[in-house]
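Only one structure is covered here, and it is reproduced in the block below.
For ligands, and for the atoms within them, numbers begin at 1 and follow the listed sequence.
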Amino acid sequence: MYTVGQEEIDALSRVVRTGALFRYGVGKECDTFEARYAKYLGIKHFALAASGSNALVAAMIGLGLGPGDEVLIPAHTYMATATSVLAVGAIPVIVDIDESLTIDPKAVEAAIRPHTKAVVPVHMWGAACDMAAIMDIAKRHNLLVIEDACQGVGGGYEGKKFGTIGHAGCFSFNYFKNMTCGEGGGVSVNDDTVAERARCAIDPCHFYWHGRNEAEKPFAGNGARPSELMGAMLNVQLDRIDGMIAAMRAEKRAILAGTASLDNLGLRATPMNSANYDCSTQVMFTLPSADAASRFVEIFPSVIAGKTGRHNYTEWDQVLMGAGAAHPLMNPYLMPANAECRRTYSKDMCQRSLDILNRTVMVPMSPHHSPADIDDIIHNIGAAARVAFAGLSREDAALRNLKPVDAQKFDMPAGA
Ligand SMILES: Cc1ncc(COP(=O)(O)O)c(C=O)c1O
């Protein structure tokens with residue numbers, strides 16, 4: 001969340017005053033947002049849902065994934081990427097990330113087995129996955145690609161918006177995301193049938209309101225319908241997103257330029273798959289060791305990617321424990337159809353990812369940073385690098401106006 005203000009209050013009170021809180025037949029906000037966001041993305045369909053988790057499940061149901069299917073997911077993402085695979089009865093197979101902090105295409109290709117049906121590239125921290133390589137692998141191995149763009153609202157890959165490159169895309173509009181209505185999400189897709197199935201997964205009764213689609217029979221599912229309050233808020237947020245992303249891209253460029261010379265101290269900019277198009281919600285640096293990263297963040301308020309407490313596969317308790325559902329007969333790990341899928345995990349299975357994560361440092365960008373703030377950040381990164389790696393004393397470093405890390409940006413409790 002970057003800005004929530006009078007425009008949102010006005011939009012919400014307009015909806016409350018009219019009493020038009022339900023999306024079908026009563027209000028227009030969700031319909032309007034879906035049409036506007038689809039146009040913004042450059043995709044045929046966008047279906048709003050109650051959350052990004054619901055959106056992932058709806059996209060996977062839409063694409064027909066289920067028991068007997070393995071889905072490749074990265075070792076670093078929010079656990080919903082994994083649990084959504086389990087929610088459709090399939091098995092998540094965890095593969096390494098590379099230094100970009102996104103799924104490593106080489107690891108994807110190496111992990112493909114006869115039951116592998118799909119891959120979920122996650123545009124983690126708003127940074128782009130290597131979509132050219134992933135789409136190439138998917139084409140050669142007949143895999144479905146579901147882009148988890150929950151952290152990638154407003155960003156893209158080489159001129160295309162996230163969520164429009166694979167077979168489906170998923171977004172989150174929860175409190176922590178670039179565009180927010182408190183909680184929310186949605187599915188982007190070009191294919192009419194997949195869209196219809198995703199809408200049925202989001203609201204199994206949607207045909208009451210939309211009319212029956214004789215080509216696609218409805219099926220049972222759990223409800224995740226959005227409210228008009230969400231739609232109203234998102235319509236306001238959509239007006240702001242491009243300006244905010246542009247400001248963060250400019251800040252990232254300035255910081256990368258201002259810190260480039262620190263490379264020789266060991267502070268190396270993290271490789272990016274689409275530097276000019278991603279969300280630029282953070283500048284990342286890949287340090288030589290975990291120890292170097294710890295020393296740096298002690299001085300400069302920033303976050304070690306591996307230490308957020310919830311985004312590494314080692315922290316996904318239900319997945320590691322094989323607790324794939326509440327009822328044992330619905331637990332994909334115990335389903336006969338999944339007997340030939342890889343169903344075991346260990347905490348050290350993606351050691352390379354953990355090593356990268358523990359030496360990658362994230363510096364948060366903000367559309368609210370002034371030129372003076374950006375100047376201070378550049379100065380302080382340099383000073384912190386000299387203190388951490390070149391023996392400069394803290395007093396001589398003359399750190400300026402150090403502000404606490406924006407913990408909200410990393411889904412971390414304040415003060416973490
Ligand atoms: C990468 C990723 N995937 C999925 C989700 C799930 O989204 P939601 O919290 O809206 O259910 C999130 C949310 O934090 C996320 O960051």
Test of proximity, F173 against ligand 1: N or O pairs below 3.5 Å:
no
Quick one: closest heavy-atom pair of A87 and V57, and the distance?
CB-CG2, 3.8 Å
Which protein heavy atom lies closest to atom 16 (O) of ligand 1, and at what distance to 0.1 Å?
Q151 NE2, 2.9 Å
Does ligand 1 have an atom under 4.0 Å from some heavy atom of S84?
no
Side chain, backbone, both or neither: which applies to N54 and ligand 1 if a contact is any heavy-atom pair less than 4.0 Å apart?
neither
Can you list the ligand 1 atoms lying under 4.0 Å from a non-hydrogen atom of T81?
3 (N)
Out of all atoms in ligand 1, which are within 4.0 Å of some heavy atom of G184? Include the element for each.
10 (O)
Would you mind checking which non-hydrogen protein atom is closest to atom 8 (P) of ligand 1, with the distance to 0.1 Å?
G52 N, 3.5 Å
Is there a polar contact between ligand 1 and Y78, counting only N or O atoms under 3.5 Å apart?
no
What protein heavy atom is closest to atom 6 (C) of ligand 1, reported as residue, atom name and distance in Å?
S53 OG, 3.5 Å
E340 atom CD, neighbour heavy-atom count above 12 within 6.0 Å
no
Looking at atom 14 (O) of ligand 1, what's its closest protein heavy atom, distance included?
K177 NZ, 2.6 Å
Side-chain donor-acceptor pair under 3.5 Å between D355 and Q351, yes or no?
no
Checking the N or O distance criterion of under 3.5 Å, is ligand 1 in contact with D148?
yes
Ligand 1 atoms nearer than 4.0 angstrom to some heavy atom of L56 are 4 (C)
Given that the side chain starts at C-beta and the backbone is N, CA, C, O, which of these parts of S51 lies under 4.0 Å from ligand 1, counting heavy atoms, or is it both or neither?
both
Taking 4.0 angstrom as the limit and counting only heavy atoms of S172, give me the atoms of ligand 1 inside it, by number and element.
7 (O), 8 (P), 10 (O)
Above 12 or not: heavy atoms from other molecules or residues under 6.0 Å from OH of Y78?
no
Point-to-point distance, once rounded to the nearest 0.5 Å, from OG1 of T77 to NE2 of H123
11.0 Å
Below 4.0 Å from ligand 1: does a non-hydrogen atom of H123 turn up there or not?
no
What part of A80, side chain, backbone, both or neither, has a heavy atom within less than 4.0 angstrom of ligand 1?
side chain
Between S370 and D373, do the side chains contain an N or O donor and an N or O acceptor separated by less than 3.5 Å?
yes
Which ligand 1 atoms are under 4.0 Å away from a heavy-atom of V122?
1 (C)
Using modelled atom types and a 3.5 Å cut-off, is there a donor and acceptor pairing between side-chain atoms of R359 and backbone atoms of L287?
yes
What protein heavy atom lies closest to atom 4 (C) of ligand 1? Include the residue and the distance to one decimal.
C150 SG, 3.4 Å
Atom 9 (O) of ligand 1 has as its nearest protein heavy atom N174 ND2, 3.0 Å
Output for pair (K252 NZ, S280 OG), nearest 0.5 Å, gives 3.0 Å
Nearest heavy atoms of H167 and V189, plus distance in Å:
O-CG2, 3.4 Å
Salt bridge check: are E34 and R199 linked by an N-O gap of less than 4.0 Å?
yes
Geometry only, no angles: is T77 polar-contacting ligand 1 at N/O separations under 3.5 Å?
no
Tell me whether the count of non-hydrogen atoms from other residues, nucleotides or ligands lying under 6.0 Å of OH in Y208 goes above 12.
no
Got a sec: does the NZ of K217 have more than 12 other heavy atoms crowding it under 6.0 Å?
yes
